[in-house]
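Any value given below was found using the heavy atoms of this structure, including those in side chains, with hydrogens, waters and symmetry copies removed. All chains are named by letter (A, B, ...) in the order of the sequence lines, taking the proteins before the strands, and each is independently numbered beginning at 1. Because the structure is a prediction, the values reported are computed rather than measured.
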There are 2 protein chains.
Amino acid sequence: MSLSHRQYKDAIYEQLARIGKAVSAPKRIELLEILSQGPRTVEALAKLADLSVANASQHLKALRTSRLVDAEKKGLFVEYRLADDSVGRYLLSTQTLADSRLAEIRQLTRDFLEARGALEPVNRDELMRRVREGEVIVLDVRPSEEYAAGHIPGAVSVPISELKARLKELPKGKEIVAYCRGPYCVMSIDAVELLRKRGYRAVRMEQGVLDWRARGWRIEAGTGKTKR
Amino acid sequence: MSLSHRQYKDAIYEQLARIGKAVSAPKRIELLEILSQGPRTVEALAKLADLSVANASQHLKALRTSRLVDAEKKGLFVEYRLADDSVGRYLLSTQTLADSRLAEIRQLTRDFLEARGALEPVNRDELMRRVREGEVIVLDVRPSEEYAAGHIPGAVSVPISELKARLKELPKGKEIVAYCRGPYCVMSIDAVELLRKRGYRAVRMEQGVLDWRARGWRIEAGTGKTKR
DNA sequence: TGATTACTTAACCAACTAATTGAATAATTA
DNA sequence: TAATTATTCAATTAGTTGGTTAAGTAATCA
């Protein structure tokens with residue numbers, strides 16, 4: 001039995017819509033973005049995305065059936081991860097489209113940044129160049145698991161929750177560039193706010209490892225400390 | 001009143017999900033793909049996507065509120081078009097992701113091509129290079145409106161519906177490369193089938209203008225015939 | 001002016017979805 | 001072996017969606 005043109009088209013578009021359905025729920029996008037920073041267990045994901053465990057599990061199941069994530073049982077835990085790099089690139093292209101088409105998203109970001117006096121024009125490419133050239137101290141303020149799963153080469157890991165206590169580790173003279181998960185992640189905003197209050201010269205880089213990797217630049221993994 | 005972190009995140013992801021919701025219905029993806037070939041009226045879209053006019057209008061309204069398409073009243077007609085190039089690039093990235101993650105979509109295509117004996121390994125990049133260099137006759141078999149809205153430079157427009165009657169316009173010696181809307185479009189498959197049966201050397205190029213433009217290559221517009 | 005054409009809207013229904021609650025399963029530890 | 005922990009599953013509920021039919025609007029034409 002061979003398919004008619006219409007049946008073939010319908011079948012193709014139904015498959016394409018599986019991707020759309022997967023990213024049609026806000027919480028599923030949030031889960032994907034967290035996973036784009038590295039693998040996580042269900043419990044961790046539920047906590048980070050502010051979901052009940054059962055609910056998170058169901059969303060993850062949906063993401064699994066649309067093949068955007070993989071799950072691997074590790075003892076008592078189940079570790080979820082993005083299925084492959086193409087998923088990260090897709091997330092990035094969704095963000096790009098949303099940024100270019102939805103005035104609301106730009107407005108939200110502007111309002112949020114303004115409310116904490118963090119609005120400043122930064123030349124993204126120039127900032128990224130300086131980060132690549134090692135001209136600044138690069139501060140990764142994400143949770144340490146995410147740092148370990150992959151970070152910008154040369155970056156120092158100081159999770160936002162520990163920043164206050166570990167301030168003295170940072171030299172005061174040099175400029176500090178803080179980054180976290182990406183443009184909509186607020187940890188680096190908080191970090192820069194704190195650093196400036198304490199007299200440091202600090203700016204935020206809104207790109208994260210997802211963007212870094214998409215540009216084909218090298219990502220470093222591991223804690224830096226020798227393991228085992 | 002300033003937003004809490006959680007409220008800000010929820011608001012951001014809700015906005016991102018608007019894009020996902022827009023492309024979570026197969027018919028809306030089909031409409032977007034048709035529009036990626038050029039502007040169309042509601043009636044034309046309904047017909048091409050096999051929808052009732054009322055239903056098409058409702059899907060288009062959804063696409064309008066998620067800002068992926070624009071509508072412009074032209075006398076008695078309403079002309080819809082993709083809001084901007086970023087929408088086309090997003091469609092392409094969805095296809096790429098679906099192709100890489102969903103075995104079903106690859107299987108569907110393989111089955112469909114196999115059923116009409118059209119399976120053949122073609123080196124895409126090499127084929128595109130030959131098309132760019134003008135080493136082959138390039139045949140655009142889409143409806144003439146789509147050709148006029150934008151086509152591969154040097155391509156000849158012979159809509160699939162007219163191909164049989166206009167075969168004699170094509171020289172028999174040279175190799176013919178037929179293309180249409182993109183990888184899931186079947187018009188070029190039919191064209192190649194017909195051409196071969198009549199003794200032409202013909203192959204299909206699965207990329208369309210969307211892909212061409214995304215690579216930064218030039219697109220030509222107009223009918224070629226002098227208007228007015 | 002009234003008819004025609006192209007499109008939108010309203011009302012409706014069946015099907016589906018997200019989130020909650022509580023029970024079930026499966027691996028590990030005591 | 002029993003208890004604990006991490007996750008999944010099943011059942012329920014409120015809310016949403018896609019599609020149909022029929023009525024409404026707006027521009028054009030006779």
Ignoring the backbone of [X], work out which of [options] is nearest its side chain.
X	options	value
B:Glu43	D:dG19, C:dA6, C:dT9	C:dA6
A:Arg64	C:dA6, D:dT8, C:dA18	D:dT8
A:Lys27	C:dA19, C:dT17, C:dT21	C:dA19
A:Val78	D:dG19, D:dT8, C:dC7	D:dT8

So does A:Glu14 have more than 12 non-hydrogen atoms from other groups sitting under 6.0 Å from CD?
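No.
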
Just wondering, more than 12 heavy atoms not from A:Arg124 lying within 6.0 Å of its CZ?
no

Does some side-chain heavy atom of A:Ile105 sit less than 4.5 Å from a side-chain heavy atom of B:Ile12?
yes

Report the distance from atom [atom1] of [X] to atom [atom2] of [N], rounded to the nearest whole Å.
X	N	atom1	atom2	value
B:Lys21	C:dT17	NZ	C1'	11 Å
B:Lys47	C:dC7	NZ	C1'	17 Å
B:Ile29	D:dG18	CD1	C1'	14 Å
B:Gln58	D:dT21	CD	P	13 Å
A:Leu60	D:dC9	CG	P	12 Å
A:Tyr80	D:dT7	OH	C1'	8 Å
B:Asp50	D:dG19	CG	P	11 Å
B:Asp10	C:dA18	CG	P	15 Å

Using a heavy-atom cut-off of under 4.0 Å over every strand shown, decide if [X] touches base, sugar-phosphate, or nothing.
X	value
A:Thr41	sugar-phosphate
A:Val42	sugar-phosphate
A:Ala56	nothing

I want to know whether B:Tyr8 and B:Tyr13 have ring centres closer than 6.0 Å.
no

Taking 4.0 Å as the cut-off, does a side-chain nitrogen or oxygen of [X] come that near to OP1 or OP2 on [N]?
X	N	value
A:Ser57	D:dT7	no
B:Arg28	D:dG18	yes
B:His59	D:dG19	yes

Do the side-chain N and O atoms of B:Tyr184 and B:Asp99 include a donor-acceptor pair separated by under 3.5 angstrom?
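On atom types as modelled, these side chains qualify, holding a pair under 3.5 Å.
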
Do nucleotides 23-30 of chain D as a string where each nucleotide becomes B, S or -: B if the base has a protein heavy atom under 4.0 Å, S if just the sugar-phosphate does, - if no protein is that close.
----BS--

Under the criterion salt bridge (charged side-chain N to carboxylate O under 4.0 Å, His left out), which of B:Glu30, B:Glu33, B:Glu146 is the partner of B:Arg181?
B:Glu146

One thing to verify: whether A:Asp84 and B:Arg101 come together as a salt bridge, which I'm taking to mean a side-chain N less than 4.0 angstrom from a carboxylate O.
yes

Between A:Leu163 and A:Ile160, is the side chain to side chain contact (heavy atoms under 4.5 Å, CB included) condition met? List the steps.
CA-CA 5 Å; A:Leu163 184 57; A:Ile160 185 72; 4.3 Å; yes

Nearest heavy atom decides the nucleotide; on that basis, is A:Ala54 or B:Asn55 closer to the 5' end of DNA chain C?
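Nearest-nucleotide comparison on DNA chain C picks B:Asn55.
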
